[in-house]
Structure formats: C-alpha cells, structure tokens
Amino acid sequence: MNEKYFPKEIEDKWQRRWAEEKTFEVKEDPGRQKFYGLEMLAYTSGRAHIGHVSNFSIGDALSWYKRMRGFNVLHPFGWDAFGQPAETAAIKEGTDPEEFTREAMAYMKWQFQRMGLTYDWSREIATCDPEYYRWNQWFFTQMLKRGLVYRKNSPVNWCPKENITLSNEQASQGRCWRCGAPVIQKDMVQWFAKITAYADQLVDDLEQLEGKWPERVITQQRNWIGRSLGAEVTFQIAESDESVTVFTTRIDTIYGANAIVLAPEHPLLPKVLEGKPEREEVLAFAENLKAEQRAAALDEQEKKGIFTGGYAINPFNGERLPIWIANFVLIQYGTGAVMAVPSGDQRDFEFSRKYSIPFRQIKLTADGGEIQPEDLQEADESWTTTVNSGRWSGLDSREANRLMTEYAEANAFGKVAITYKLRDWGISRQRYWGAPVPVIYCEKDGVVPVPDDQLPVILPPNANLKVEGGSPLDHIPEFVNVECPACGGPARRDTDTMDTFVDSSWYIFRYCDPHNDELPFDPEKVDYWMPVNQYIGGIEHAVLHLIYTRFWTKMMRDLGLVKFDEPVLSLLTQGMIIKETYECPEHEWLFPEQVSEDKTCKLCGRPVTVGRVEKMSKSKKNAVDPIEIIDIYGADALRLFVLFAGPPEKDKEWSDAGIEGSSRYLQRVWRIAAKWQPKVANDEAASASSLDQAALQDYQRRLRRRTHQIIRAITENFEDRMHFNTCISSLMELTNEIYSFDQAVEKNGGPTGSDISVAREALEALTRMLAPFAPHAAEELWESFGHAESLARSEWPGFEQDLTREEGIEVALQINGKLRSKIFASPDASEDDLKQAALADEKVKAAAAGRDPAKVIVVPKKLVNVVFK
RNA sequence: GGGGAUGUGGCGAAAUCGGUAUACGCGAAGGUCUCAAAAACCUUUGGGAUAACCUCCCGUGUGGGUUCGACUCCCACCAUCCCCACCA
C-alpha cells in the first residue's frame, strides 16, 4: 500500500469499482429488513453547492451504517427538473428549457458522483421525463374523477416579476418565495387540489410524527392548517329578510359585541347598502380598501373602516349592532364577517376606539371590580369569567362558550363550526416548463380528462417562451387543437402546466419502482420499501413539500395504492452551511483576505459589514465550489469536514482551516495504517478475541478497552442521535490511542504477536467505522488489510461489554458540593467502599475538624460528596 | 402580536438521566527533527491570585429559585436568529 494518502487516485478507483460492480443497486428482499434513506430531490439549478454536500453527506453516512448493519438499504437519487428558473434562464439565453435542464443535470450528476455518494443510480428519475410526469397526469385524472381537483375562478397570487401564479404557501408574507417580488392578486380560472378535504387528517396524523419529526416542523404545519374550533352565529339584518353569519371562537363574549364588521368583498354588502344614502360613499371606500390591500400585502395596516348605515340584531339580547366594513376582516377566512367585541379582542378594541363605537360590555378586574370602558388600555383576550351576559353571567368563560353555542344551536341561529387557515392548493401554472394538465375542453362534453391510454400528454418542444399573455402552450395550435376523446368532435387542450410541487409530492414512491409503465408504482414494491425511514432536507420545506406529500399519500391511500397514512417516519432538517460576507461602504463585497482582524477594509480602513448567509455567490465573494475542494483535498476530506463541523441540524460555518484539519486527519490515519499494514494484513496473527486478556500488557489492554468503548459510543450515536460530529471526534480519539499504542510498542523494541492482534482489531474497527464518513479511504484501507469484499458488504464492528470496562476509575471527591480531591477506586467499589475511602481522605479529615459529616452522597463510579453543616 | 430555537475558551464545538465543565478539532506558544523551511512528532493552552506544574478564588448571556450538587430543572429578563402573522 502507498505510504502516502493520495485521495484523487483512491477516489477514482473506488467510484469506478462501485459503478462497475453495481455495489449499491438493490432489489426487494423479503428475507431482509429494509431501510429507506432519502435526501430531498435535487433541483437542477446548474451547479452543486455546499448545501448539497452537507445534505448528501448526512444521508450517505446513515446509508453506510445501515447497510453495514445488515439492512437492505434503498438510497435513490433524482432530479426536480421542471420549474421556473430553467424557463427564465432559457428566455435569457435564448435556449430551450429542456436543453438547459439536461445540461445542468449532466453536470451536477458528475459533481455528485465525484462525491462518491452511494446511490442506486439505476433508480435515477427526472421529473421532466414523460415516463415520470405521465403519472402526474394520471393522478390528476384520477383526482378529477373523484372531485379532488376542480376548477374555479378565483383571485390567485400572482408574481408580476416572473409572471406566474403562486400557491399560498409560495406567497407567504406577500412575497414570491423565489424572487421576493411583492405578490399581487389576479382573477383567473385555476385548477385546485382539494387539500382541505384532508385538513383534519393532516392535523390529527401529526400525532404519529411526534418525536420523530422536529417539533418546529410539526408546529409549523399545525399552525399552517390552523384548525380552530368555534361557532357560527347568524345575525338578522334589521328591516330586512337578510342575515349575516359570523365565525367566532368566543361566543361567550357576544354580549360585548358592539358592531358587525364585514370584509370589503363581502357578498352581502350591496344588499345592506340597498336604498341607503351612504351607498355610493361606502362602495367607493370598499374599492379603495381592496386596492390598498393588494398594494400593501406586507405589513399590518392601520385599521380602516366605514359604517354602512345598516344594523344587525344580536340574537342573544336583541341589541341593534351597526354594520361596518373594514380592512382587517379577511374574506378568505371564516365567513368573511366578524362580530366586534372591543373588550375581548385587540383588533376590535383598536377599531372601536378609532371610530368611537361605544363599548357594550366590559370585563372584570382581577379583584372582581368592573373597569369603566374609558379606563381600558387594551382588550383582555384571556379566558376568565363572563360579565353582563344575561343568564350566562358569572360563568367560567369556557363553560359559557359551550353552553351558549348549544343555546344558539337549539334556537337555530348558530352552530358549532370549525375553520381552517389551510386553503385549497392552486396547482395550475401559466408556464411552459412543467407537466401539461391532462384535460380537454369540448363544447359538447365539457371538461374531459385525457384517457389513460392517451397519456402522457407530451410537452411539445420548441415553444415560444416570450409570448405575451397566457401560457406559451396557448400559442401552439397543434398542441391546442385536438379531437374530443368522448365524441371525436373538435376540442381544445388545457394549456396550463402543473405546479412542480405536484412532481415532488409522490417521487418518494416512484423510487420504489421507477420504471413501471403500467402504474405509478407497483403497490407491492411500495409496500416493501415505504415508508421512508429517514428523510433529510432543508427546513424551508416545512409547510410546502412536506404538507403536499403528506396530502398526496393520504389521497393515494384512498385510491387503494398504499396502505399507510404517513410517507415519512423520521425527518431530519439539516442546517445550512453558511459563510461570512464582508461588505465595505467603499469597495462593496470583499474577499476574506481583504479584511483585517478588527473588521476593517484593508483597502480603505473603513469598517466592514459582516453578514452570515447561506447562499454563496461569486458576486458576494463567498462562493465555495465543492469540485475545487475535492480537487485539492478529496471528497472524503470534504464530507468529513461538513459532518465534523457540528451536528446535522445546526447551521455550520464554512471554514478553510476546517477542511485542512479534516484532510490532515485522514493523512494521520493513513500513516499509522500504512505503518502497521504489512503486519496486520498477515493472516498468521491471532485474532484479538482469542487473546488471554489477563496476560496482556497495560498498553495493550488499554487499546482494546478504548476500541470497544468507542465502537459502543459510535454505534449508540448512530442509533439514537446521529450527531456525526461526535462520532468523528471518537474516531479521532481512537486514532490517537493507536498512536500512543504504537509509541509503547516502539519503546518495547517492536511488535510482538499479541501487539499485532491488538493493533489489527483497533485498525479494522477504525477502518470500518470510517466508512460512513470517508468511504473511499476506508475501502482502500480495508482492501489493503487483505479483505476482498467491499466494505459495503462487510459488517459494522461489534463490541464486547466486558472489554469496555475500566480497570480503575477516578472518583471525584466533593466537600459541600465543591471538587476538592480525587479517589482512585475499582469500578466494582461498593457505595460503602467509596464512602469509607472519602472519609479517610486527608482533605475531608481537615474539613471535618472533628465533626461528623451531615450527609454523604455517593454516585457510583462518579463522585462522593461529603456535606458538613 | 403569536410560535420555535440559540447563547459554553481566541474559534467550530462536547458534556446523552441533575454528578469531575470545556472531550475532539482549529488557532496560538514552546520544543524535537533539519543547513534551513515545510510536513510530522512531543508538550502547554478558560480567567485570576501566587515564587510555585502546591493551593485558593472566579467561570457555561443576566438576575433569582429548587438541590448535597445546576451548562442541564423552574421563574423573570437581555441578546441573536428562524418561521408565521389583522386567521375573529
């Protein structure tokens, strides 16, 4: 074996061998337990970035471990290949999105292969392949038949910069999730997936994920679905046959209602205004509010409203409540109308104060006294005791809430109601680079789904992407004009494409059976591999992809394709790799070497602004190209570094010194392995397990003990924490132990037979445990130790509990809780032994000064605390 | 406004169940080797007092509390970051 570590050579060799021998290709094997490990679908952006390296290194380490533990490991890879950026890039460069995407895919695949990732490449998928998106279309038609997708004219979120519609999830905070442009509302006929039909299941099944998904993802999903239990109450409109229904979670405060407030878009508004002198003014005001809302989606606006001139009757007490419209009432939520209770809701409070709408009821102070309305500083939204509420006064508010809802129900002016923030998922896009919506419009037969035997509807090549208005597909007559599949008459195709989140909602399943042309997948294969045991990806998908794929799974379950509720058993959201940026007021972005230690610009001496960002870019001068790093240090060093920098879920800062450290560590392993290799590879040495432990020297027993302790530590870490940074620390410790052992051997004048056995045990354990983190180096070492089979087919090392036992331990001796001394004891020392040893200690005797201790606390194997009063 | 997280040496971090804080690595200092340098190897490295590698004091964002004992649990606060946000 080579004396020096040459990563390039080794990595080329093993990447070639793995590919030739199809080492990581797997198939169903009912006799073996499966493990499905998955990293999120890679978007074909054009270049691999360091975030990919981090994501894939985590997943790959776990795959290695599970494989060596004997699991049948499915670890597939694929491309999220449709989408806006490819189209934008193609428009800019005058090329074709397909060409752009295929090139990006080829280049990125080469990059990822140079990382030596252990994917089953035979299962590679790309969402832009007709053999893949055909099944998107199939699902669409299945859903259409079941009413799970439907068309409706609705205001959609529209990104004016990219000219696309966005889902609510993609337009949160009023900005486009990709380009950040302010989102506007636009009316359009759109396809919607009925995710709200699964709202309850999506909330309830979160319980199954408790403890296995990060708490914050569960919380975010729960908040996003936003189920809230309350009541709908119907108020008769005075001098009219009409009524208005509001949604409230606090019907117990209804005696405090002082107004009914409608959203400006509320359909009842024209009727309320009928014949009123305020009519024109109010309608103009409403138009104004709508316009303002569109313009300023970002910040909370000042509350604005106007009295309509109409009144509604409070069904509980017959009071006449003025009907207002206001900007803070949202048409999309609840019934688009609320009852204002200024004493119980901060928004209503501000609104009532601003427009001097008199308060009807007030809350009790803590000591039971009444507060006058003018003394109120803010609304009290807590659950306390009802006041001034007729026969419900003095009740616990929760109890009142229940009783009053029942009363309303019994008297037919109200009912229990549940509302959700979740809205149906708009899935049509007026763009080219996506899967065509498989629908045909016929004058006679209406909306006709494309029959299964005519799928896929192929995305036509060479579209003009620069057309104004509508989708580019609108302008391709041979695509648009078709025969109606039902009557054969002339018909038109739908020219929208599907949101790319449809593609990624079910790709997890496709990996189980990626080339099936009968069905999206064979349910039996899915039954073997699914659910995903460990899913790894970014937190940015907490409410996008992860809620869509959960929805899709439930939908497929109802189609009879799968037998379970949740697609992903365990989720890890990995942190970002961030890198500092430096910005100088004079010289803009600076390279790190242009910044002096006191964070001033070396060119002009001005203080620089230090930023911490994930997105690396050339313009900000903080880019790190994984391939450049691999060229210098090797893929193993790079992978080792990103895993060693911190625990997977935490953000980690890129560091050039860190990558050198990783590289140095691998060289250090290499040196000691190369030194012992000629002896270790010799089969004549006895195996360590046959050695007589009692006959070994101290340094030999120590190395065996440390070896077994470290195997235990790393194994446990893989099983329940996946904190690979500490696994790597442990490997470094083991390496250091081998070096110390080596020195002891040198001192004794060279290795004996038992030295070789002990060294082999340690080196082979080290090599096998290195495989998840630095697989190429590990494979090469393993081979050089005389093993013909790939490490991928070898076992994870086991440990013997007996050998992990310390021979002598150091026990802390505390006096009154402060560390004062140490006791050396046997690990078997009884509590009483330790107590006696502690009391015999000089320091303890001195502190005692003749007194008896008030208390002696013994923690076996750890410490003794002697307490004097 | 709501929700979540984080705060430990010069730096990345460790401490898994309330039990010796700072493992492992980076950086730094000194040494060995060398004509020299690099690499490698060895030693030291939280702060302070002291002649002292004896010993003592302080020390995990701040202030309290519980406990024989708190980075860890509880309360309040400060700072930073992330997500959601007029959701009735």
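The chains referred to below are lettered A, B, ... by the order of the sequence lines, with proteins before strands, and numbering in each begins at 1. This is a predicted model, so every value here is computed, not measured.
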Identify which nucleotide among U20(B), C41(B), C87(B) has an atom closest to any side-chain atom of Ala812(A), counting heavy atoms from C-beta outward.
U20(B)

Expressed in whole Å, how much space separates the P atoms belonging to A51(B) and U62(B)?
31 Å

Looking at the side chain of Leu330(A), which of A88(B), C68(B), C82(B) is the nearest nucleotide?
A88(B)

Roughly how many Å apart are G7(B) and U55(B), using the C1' atom of each and rounding to a whole number?
33 Å

For C26(B), is chi within 90° of 0 (syn) or not (anti)?
anti

Mind checking Thr419(A) for me? I need base, sugar-phosphate or nothing, with any heavy atom below 4.0 Å counting as a touch.
nothing

Suppose you measure atom P in G61(B) against the same atom in A79(B); what distance do you get, rounded to whole Å?
16 Å

Could you work out the separation of A13(B) and U8(B) based on their C1' atoms and round it to a whole Å?
9 Å

Position toward the 5' end of RNA chain B (nearest nucleotide), Lys861(A) or Gly646(A):
Gly646(A)

Respond yes when some side-chain nitrogen or oxygen of Lys818(A) is under 4.0 Å from OP1 or OP2 of C58(B), and no when none is.
yes

So, Glu806(A) and Lys861(A), do they make that salt bridge, N to O below 4.0 Å?
no

With pairs taken as Watson-Crick or G-U wobble and both distances under 3.5 angstrom, which stems of at least three consecutive pairs involve RNA chain B?
B:1-7 with B:78-84, B:10-12 with B:24-26, B:27-32 with B:40-45, B:46-49 with B:55-58, B:61-65 with B:73-77

Whole-Å distance, Lys421(A) NZ to A85(B) P, equals 8 Å

Quick one: is Arg721(A) getting a side-chain N or O under 4.0 Å of the A15(B) phosphate, OP1 or OP2?
yes

Could you check whether Pro214(A) gets within reach of a base, just the sugar-phosphate, or nothing at all, counting any heavy atom under 4.0 Å?
nothing

Counting just side-chain N and O atoms, does Arg222(A) come under 4.0 Å of either OP1 or OP2 of G3(B)?
no

Starting from P on A21(B), measure out to NZ on Lys862(A) and report it in whole angstrom.
12 Å

Return a single string for nucleotides 22-33 of chain B, one symbol per nucleotide in 5' to 3' order, where B is base contact, S is sugar-phosphate-only contact and - is none, cutoff 4.0 angstrom on heavy atoms.
-BBSSS------

Spatial distance of atom OG1 (Thr726(A)) from atom CD (Glu733(A)) [nearest 0.5 Å]:
10.0 Å

If I take atom CG in residue Leu666(A) and atom P in nucleotide A39(B), what distance separates them, rounded to the nearest angstrom?
17 Å

Looking only at side-chain N and O atoms, does Asp200(A) offer a donor or acceptor that is under 3.5 Å from a partner on Tyr420(A)?
yes

Centroid-centroid under 6.0 Å between Phe724(A) and Phe718(A) rings:
yes

Answer with base, sugar-phosphate or nothing: what part of the nucleic acid does Gln814(A) contact at a heavy-atom distance below 4.0 Å?
base

What integer distance in Å separates His541(A):NE2 from C82(B):C1'?
16 Å

Using a 4.0 Å heavy-atom cut-off, does Arg820(A) contact any base of the nucleic acid, only the sugar-phosphate backbone, or nothing at all?
sugar-phosphate

Nucleotide G3(B), atom P - distance to CD1 of Ile225(A) in whole Å:
18 Å

Select base, sugar-phosphate, or nothing to describe what Val338(A) touches, counting heavy atoms under 4.0 Å on all strands.
base

Within the 3.5 Å criterion, strictly below it, is a donor on Gln709(A) or Arg712(A) matched to an acceptor on the partner's side chain?
no

Side chain to side chain contact (heavy atoms under 4.5 Å, CB included) with Ile260(A): of Val244(A), Ile325(A), Leu268(A), Val329(A), only one passes, and it is Val244(A)

Base, sugar-phosphate, or nothing for Lys652(A), non-hydrogen atoms under 4.0 angstrom?
nothing

Nearest of C86(B), A13(B), C42(B) to any side-chain atom of Phe328(A)?
C86(B)

Can you tell me, in whole Å, how much space there is between the P of G31(B) and that of A39(B)?
16 Å

Between atom CG in Asp742(A) and atom P in C41(B), what is the gap in whole Å?
11 Å

For atom CD of Glu207(A), decide whether the heavy atoms of other residues, nucleotides or ligands shown that lie under 6.0 angstrom number more than 12.
no

What is the distance from CZ of Phe247(A) to P of C86(B), rounded to the nearest Å?
16 Å

Could you tell me whether the side chain of Lys822(A) has a donor or acceptor atom within less than 3.5 Å of a complementary atom in the base of U20(B)?
yes

Compare side-chain N and O positions of Tyr333(A) against OP1 and OP2 of A88(B) and report whether any pair is under 4.0 Å apart.
yes

Nearest heavy-atom contact between Met339(A) and Ala257(A) is CB-CB, 4.3 Å

Assign Glu810(A) to base, sugar-phosphate, or nothing according to its heavy-atom contacts below 4.0 angstrom with the strands shown.
base

Should Lys675(A) and Glu746(A) count as an ion pair when the cut-off is N to O under 4.0 Å?
yes

Give a yes/no answer on whether the side chain of Thr219(A) brings an N or O atom under 4.0 Å of OP1 or OP2 in C83(B).
no

Anti versus syn assignment for G30(B), with syn defined as within 90° of 0
anti

Roughly, in whole Å, what's the span from CD in Glu265(A) to C1' in C87(B)?
15 Å

Of the candidates C86(B), A88(B), C68(B), the side chain of Lys303(A) sits closest to C86(B)

For Asp841(A) and Lys843(A): C-alpha separation, side-chain torsions, deciding distance, then whether salt bridge (Lys or Arg N to Asp or Glu O under 4.0 Å) applies.
CA-CA 6 Å; Asp841(A) 186 274; Lys843(A) 295 246 168 139; over 6 Å; no

Ignoring hydrogens and geometry beyond distance, is a side-chain donor-acceptor pair present between Ser397(A) and Thr386(A) at under 3.5 Å?
no

Distance only, no hydrogens: is a donor on one side chain within 3.5 Å (strictly under) of an acceptor on the other, for Tyr665(A) and Thr735(A)?
yes

Closest to the 5' end of RNA chain B, once Gly336(A) and Ala645(A) are matched to their nearest nucleotides, is Ala645(A)

Between C42(B) and C26(B), how many Å separate the two P atoms, rounded to a whole number?
12 Å

Write down the distance separating the P atoms in G27(B) and U20(B), rounded off to the nearest Å.
30 Å

Going by atom types only, do Asp742(A) and Trp676(A) share a side-chain donor-acceptor pair under 3.5 Å?
yes

For atom C1', what is the distance between A70(B) and A15(B), given to the nearest Å?
13 Å

